[in-house]
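A note on names: the letters A, B, ... follow the listed sequences, proteins ahead of strands, and every chain is numbered from 1. Values below: all heavy atoms of this structure, side chains included; hydrogens, waters and symmetry mates excluded. Note that the structure is a prediction, hence the values are computed from the model and not measured.
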Amino acid sequence: MSGYPDYMQESIRLVEKTRSERLEKGYPLMSAEEKSEILKKWHPDYKEGTKRLLKIGPSAGQLMPHEVADILEAHPIINPKDIDLTDISFDLDILIIGAGGAGLSAALLAHESGIDPDRILMVQKLRLGDANSKMSQGGIQAADGTDDSPTRHFLDIMGGGRFTNKPELVEVLVKEGPDVIKWHESLGVMYDKNPDGTMKLEAGGGTSRRRMHSCKDYTGLEITRVLVDEFLNREIPYVEFTAAVELLMDDKGQVAGSVLFNMDSDEYLVAKAKSTILATGGFGRLHIQGYETTNHYGATADGLPLAYHVGAYLRDLDSTQFHPTGAAYPEQIVGQLATEMLRSRGAQPVNKFGQLFVHSLETRDAESSAIIRECYERNNGIITPTGMRGVWLDTPLIDLIHGSGTIEREFSAMYRMWGKFDIDIRREPMLVFPTLHYQNGGVEINTKCETSVPGLYAAGEVCGGVHGKNRLMGNSQLDLYVFGRRAGRFAAERAKKIEIGKLTLDHVYRYERWLSEAGIKTDRRAPLILPEYRGKRTLEHKIKIL
Amino acid sequence: MNGKDEKFITIYIMGKKHMVPANLTIMKAMEYAGHQFRRGAGCRGGFCGACSTIYRTKGSYKLQVALACQKIVEDGMIVTQIPFSPADKKRYDIDRLKPEANTFLEYYPEISRCLACNTCTKACPQDIMVMDYVQAALRGDVKEAARLSFDCIGCGLCAVRCPAEIVPYNIGQLARRLYSKHVVGPASHVLNRVKEVNEGKFDEEINKLKNMPKEELQNLYNSRDIKV
């Protein structure tokens with residue numbers, strides 16, 4: 001029994017008919033001109049009326065989606081009068097906010113840099129390890145293949161990011177990539193390997209060599225659970241279900257920890273720290289332009305208002321990553337990720353007539369744009385019973401190319417998830433459409449993960465600059481560990497040298513002043529901490545393409 | 001979902017009756033009914049194990065398991081979440097361990113109590129052969145224990161159901177780290193590349209690219225050879 005309605009199955013017959021011919025022929029890559037043209041016409045980043053210029057603070061004048069400007073042009077949650085800064089619950093060297101890949105790496109490296117575990121605290125609004133890091137499926141890039149080099153990796157990233165990346169961050173990313181893989185292996189991460197013990201390496205959209213390392217299609221899960229296990233072995237203190245709601249500063253203008261909110265008791269706590277690391281992740285749950293998202297429940301971009309309240313610079317928030325292949329059907333998993341690795345291993349995007357219309361491994365911005373164009377300009381998509389549009393991702397090609405059993409072995413997450421809805425991706429294609437995936441921009445950092453405010457470090461998706469205006473597959477996983485480790489190391493270095501002065505929350509008053517001077521009148525408060533889906537909101541789809 | 005021709009069904013969330021749209025997952029149905037998750041929701045995509053749920057369906061004595069984000073509600077379903085399972089994860093230094101049965105017995109001696117009843121396997125929402133990997137660990141087949149447990153998301157339902165009070169997912173975690181670190185070992189081309197980077201082999205090339213005018217870099221990018 002197929003999980004697809006009859007009219008979709010009719011289209012699948014056409015997809016089957018063209019399969020062997022498509023496999024033979026393929027589709028050419030776009031030229032630079034074609035790419036620039038399709039982005040302007042069809043990428044959601046270029047859609048009019050979706051962004052505005054930020055009105056307040058040190059990055060005023062930057063263009064960003066309304067949904068992001070909304071949480072920056074919002075009142076802080078706390079009233080400083082409610083917080084007793086002399087009642088300190090945690091007196092620390094290092095406070096880490098967020099317990100995903102970047103936060104865990106920072107904690108391990110802070111520990112290895114000689115900070116006593118009892119002087120470190122990790123706080124997390126959900127559970128230890130709960131993050132987008134865990135959901136990454138396809139892989140992690142690092143230039144360790146014999147025909148590859150960090151220099152090639154550098155060039156691929158700069159081109160993929162449309163040459164808007166901060167080059168010194170890219171340099172660090174590519175040079176430390178192989179060392180991250182080595183580190184993972186030393187901790188016991190189970191990477192996919194060839195019988196001769198070399199890494200199985202695959203291509204991703206926009207890579208000029210095969211440099212994607214994978215752990216089946218559970219790459220992020222495998223790495224995260226090993227880091228969590230190691231973190232627990234080191235007995236570094238952590239508190240779950242506790243959110244950072246406002247950073248603290250001192251009278252010398254340094255960030256000095258955070259006001260925390262205990263989500264069990266609804267009480268505020270004061271955590272004083274010599275170095276504070278933001279590893280809070282991205283903004284998928286803001287549903288930019290009404291898109292469904294691949295992101296974790298906690299991806300409410302809390303790090304952006306936290307950093308901005310203390311005056312940290314932001315960058316590149318005008319660009320958002322839409323992953324080309326989110327589920328468009330069945331309804332229950334709309335927006336969930338169908339990993340890019342499916343295309344790396346041979347699955348092709350095809351329209352309702354079974355025709356190719358784009359190369360399988362364009363950069364994500366271009367691939368997404370081509371799918372949107374196919375559905376909305378050329379009207380060659382399938383329309384689902386709920387009005388979503390999508391194209392086919394022809395997964396049966398994978399077993400055809402690599403032998404039967406490949407999908408079950410290498411893509412057990414995908415096989416399982418679609419299988420729950422009676423769709424056998426070994427035999428039937430998946431219906432896909434772009435989905436909100438990644439916050440390309442964010443808090444500006446330097447190579448030491450320092451933000452523009454002393455004492456505040458940041459790593460992972462909360463940051464901007466590493467990926468420019470478009471990230472390549474597998475580079476966010478790498479980013480987490482390269483910059484997470486650096487944040488831990490450099491935050492530890494600082495903590496050994498400095499003293500915190502008198503604690504203050506004056507920046508909250510300053511922020512309120514910025515709001516009122518800019519004439520912003522609103523009930524909005526930030527950070528959001530949790531998304532709001534209660535009642536009918538859980539049924540809403542707001543995406544408007546045209 | 002357009003909400004107009006929606007079919008509604010009845011479910012019981014921790015005993016309380018709610019009417020919800022028939023095509024929702026348990027997670028969305030609970031939100032529709034007014035819950036805002038603090039615990040019990042995570043990735044919402046089947047990768048994190050935060051939303052472990054047990055339920056019975058109308059007229060059935062059987063206690064069934066699911067991830068709330070991956071399971072569609074059914075009429076008459078009675079659900080509750082088990083978002084956490086108490087378990088004592090042992091502390092160890094992975095560098096010093098040996099990939100053998102005794103390692104498992106030393107840290108988790110309760111695995112010798114395994115009755116081979118297969119309750120754990122039946123309780124797994126990922127359809128993992130849980131009992132088989134526990135048994136593999138018990139006989140020192142670290143590779144098999146690592147391979148069979150690989151898709152584990154640590155939801156904890158096996159541990160809650162095990163009559164011998166074993167925590168299978170802790171066994172799987174230890175098995176995978178042991179296997180990767182002490183049986184497979186590092187890939188030599190990775191170690192070589194790290195050495196080359198540390199010796200500064202790529203510094204000059206990358207510096208050149210870093211300082212190149214944008215147009216020149218663009219040309220270089222557009223003409224780069226692609227071997228994938």
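- For the options D196(A), D264(A), L201(A), heavy-atom pairs under 4.5 Å to chain B are most numerous at D264(A).
- Proximity to chain A (any heavy atom under 4.5 Å) is shown, for A146(B), by both the backbone and the side chain.
- Per-residue counts of heavy-atom pairs under 4.5 Å with chain A were compared for C69(B), A33(B), C152(B), G46(B); the largest is that of C152(B).
- The two residues V197(B) and P150(A) have their closest heavy-atom pair at CG2-CG, 4.1 Å.
- Rounding to the nearest 0.5 Å places CG of L221(A) at 9.0 Å from SG of C43(B).
- Screening V174(A), V170(A), L155(A) for a side-chain contact (heavy atoms from CB on, under 4.5 Å) with I206(B), the sole residue that qualifies is V174(A).
- The residue among K214(B), Q126(B), H182(B), H35(B) with the most heavy atom pairs within less than 4.5 Å of chain A is Q126(B).
- Residue with the most contacts toward chain A among L217(B), N222(B), I94(B): L217(B) (heavy-atom pairs, distance under 4.5 Å).
- No other option in K208(B), E205(B), Q173(B) has as many heavy-atom pairs under 4.5 Å with chain A as Q173(B).
- Put simply, of V184(B), V20(B), D93(B), I72(B), the one with the most heavy-atom pairs under 4.5 Å next to chain A is I72(B).
- With chain B as the partner, the residue from D217(A), I181(A), I529(A), L187(A) showing the most heavy-atom pairs under 4.5 Å is L187(A).
- For chain A, the nearby parts of Q218(B) are the backbone and the side chain; heavy atoms of each come within less than 4.5 Å.
- Heavy-atom distances place both the backbone and the side chain of D151(B) under 4.5 Å from chain A.
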Could you go step by step and tell me if L24(B) and Q332(A) meet the side chain to side chain contact (heavy atoms under 4.5 Å, CB included) rule?
CA-CA 6 Å; L24(B) 297 183; Q332(A) 291 82 3; over 6 Å; no

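- Smallest separation of non-hydrogen atoms from G197(A) and A187(B): O-CB, 3.6 Å.
- Salt bridge status for R38(B) with D266(A): present, with a side-chain N to carboxylate O gap under 4.0 Å.
- Contact tally against chain B (heavy-atom pairs below 4.5 Å) for K216(A), M190(A), K125(A): the top residue is M190(A).
- When each of A29(B), S188(B), G49(B) is scored by its heavy-atom pairs under 4.5 Å with chain A, the top score falls to G49(B).
- Under a cut-off of 6.0 angstrom, the local environment of CE in M263(A) is crowded, with over 12 non-hydrogen atoms contributed by other residues, nucleotides or ligands.
- Side-chain contact between Y533(A) and R44(B) is present, with at least one heavy-atom pair separated by less than 4.5 Å.
- In summary, the side chains of N233(A) and K89(B) do present a donor paired with an acceptor at a separation below 3.5 Å, with no hydrogens or angles considered.
- You'll find the side chain of D229(A) reaches within 4.5 Å of the side chain of Y92(B), heavy atoms only.
- Both the backbone and the side chain of V190(B) come within contact range of chain A, judged by heavy atoms closer than 4.5 Å.
- Residue L178(B): no heavy atom, backbone or side chain, is found under 4.5 Å from chain A.
- Only the side chain of R285(A) comes within contact range of chain B, with heavy atoms under 4.5 Å apart.
- Within the 3.5 Å criterion, the main-chain N or O of R537(A) finds no donor-acceptor partner in the side chain of E31(B).
- A cation-pi arrangement is found for R225(A) relative to F150(B), the charged atom lying closer than 6.0 Å to the ring centre and inside a 45° cone about the ring normal.
- A salt bridge links R209(A) with D225(B): the closest approach of a Lys/Arg side-chain nitrogen to an acidic carboxylate oxygen falls below 4.0 angstrom.
- For I226(B), the side chain to side chain contact (heavy atoms under 4.5 Å, CB included) test picks out L29(A), S208(A), R224(B), V228(B), with sequence neighbours left out.
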Evaluate the side chain to side chain contact (heavy atoms under 4.5 Å, CB included) criterion for residues C48(B) and R127(A): first the C-alpha distance (whole Å), next the side-chain angles of each, then the deciding distance (0.1 Å), finally the verdict.
CA-CA 10 Å; C48(B) 83; R127(A) 303 171 312 162; 3.6 Å; yes

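- Using modelled atom types, no side-chain atom of H189(B) and backbone atom of T146(A) make a donor-acceptor pair closer than 3.5 Å.
- Salt bridge absent: D130(A) and R39(B) never bring a charged side-chain N and a carboxylate O closer than 4.0 Å.
- Although no hydrogens or angles enter the test, the distance criterion places a donor-acceptor pair under 3.5 Å between the side chain of S180(B) and the main chain of V189(A).
- The side-chain heavy atoms of L209(B) and M158(A), taken from C-beta on, include no pair separated by under 4.5 Å.
- Each of P531(A), P167(A), G159(A) has some count of heavy-atom pairs under 4.5 Å with chain B, and the biggest count is that of G159(A).
- For K90(B), the part sitting under 4.5 Å from any heavy atom of chain A is the backbone (N, CA, C, O) and nothing else.
- Residue contact with chain B, scored on non-hydrogen atoms closer than 4.5 Å, involves the backbone and the side chain of T207(A) alike.
- Counting heavy-atom neighbours within 6.0 Å of K143(B) NZ, excluding the residue itself, gives a total of 12 or less.
- Annotation for K195(B): atom NZ does not count as buried by contact number, only 12 or fewer foreign heavy atoms lying within 6.0 Å.
- For the set K536(A), E240(A), E532(A), K193(A), the entry with the most heavy-atom pairs within less than 4.5 Å of chain B is K193(A).
- In this structure, the portion of N295(A) lying under 4.5 Å from any heavy atom of chain B is its backbone and not its side chain.
- With a 4.5 angstrom heavy-atom cutoff, Q36(B) touches chain A via backbone and side-chain atoms both.
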Test side chain to side chain contact (heavy atoms under 4.5 Å, CB included) applied to E215(B) and F163(A), step by step
CA-CA 10 Å; E215(B) 205 164 311; F163(A) 307 96; over 6 Å; no

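- Counting only distance, with no hydrogens or angles, the side chain of R193(B) and the backbone of G145(A) share a donor-acceptor pair below 3.5 Å.
- Annotation: side chain of H296(A) is not in contact with side chain of F47(B) (no heavy-atom distance under 4.5 Å).
- Interface remark: L126(A) contributes side-chain atoms only to the contact with chain B (heavy atom separation under 4.5 Å).
- Of the atoms belonging to T384(A), not a single heavy atom falls under 4.5 Å from chain B.
- Residue R234(A) does not touch chain B at all, counting heavy-atom pairs closer than 4.5 Å.
- A donor-acceptor pair under 3.5 Å links the side-chain atoms of Y297(A) to the main chain of F37(B), judged by distance alone.
- Using a 4.5 Å cut-off between heavy atoms, E230(A) contacts chain B through both its backbone and its side chain.
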Evaluate side chain to side chain contact (heavy atoms under 4.5 Å, CB included) for Q70(B) paired with M417(A), printing each intermediate quantity in order.
CA-CA 8 Å; Q70(B) 299 290 298; M417(A) 194 180 296; 3.3 Å; yes

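- Interface residue K420(A): only side-chain heavy atoms are found under 4.5 Å from chain B.
- Applying the side-chain contact (heavy atoms from CB on, under 4.5 Å) test between V226(A) and each of R176(B), R177(B), K181(B) identifies R177(B) as the sole match.
- At a 4.5 Å heavy-atom cutoff, P330(A) makes no contact with chain B through either its backbone or its side chain.
- Applying the salt bridge (Lys or Arg N to Asp or Glu O under 4.0 Å) definition to pairs two or more places apart or across chains, those involving residues 171-180 of chain A are E171(A)-K175(A), E171(A)-K210(B), K175(A)-D203(B), E176(A)-R486(A), D179(A)-R485(A).
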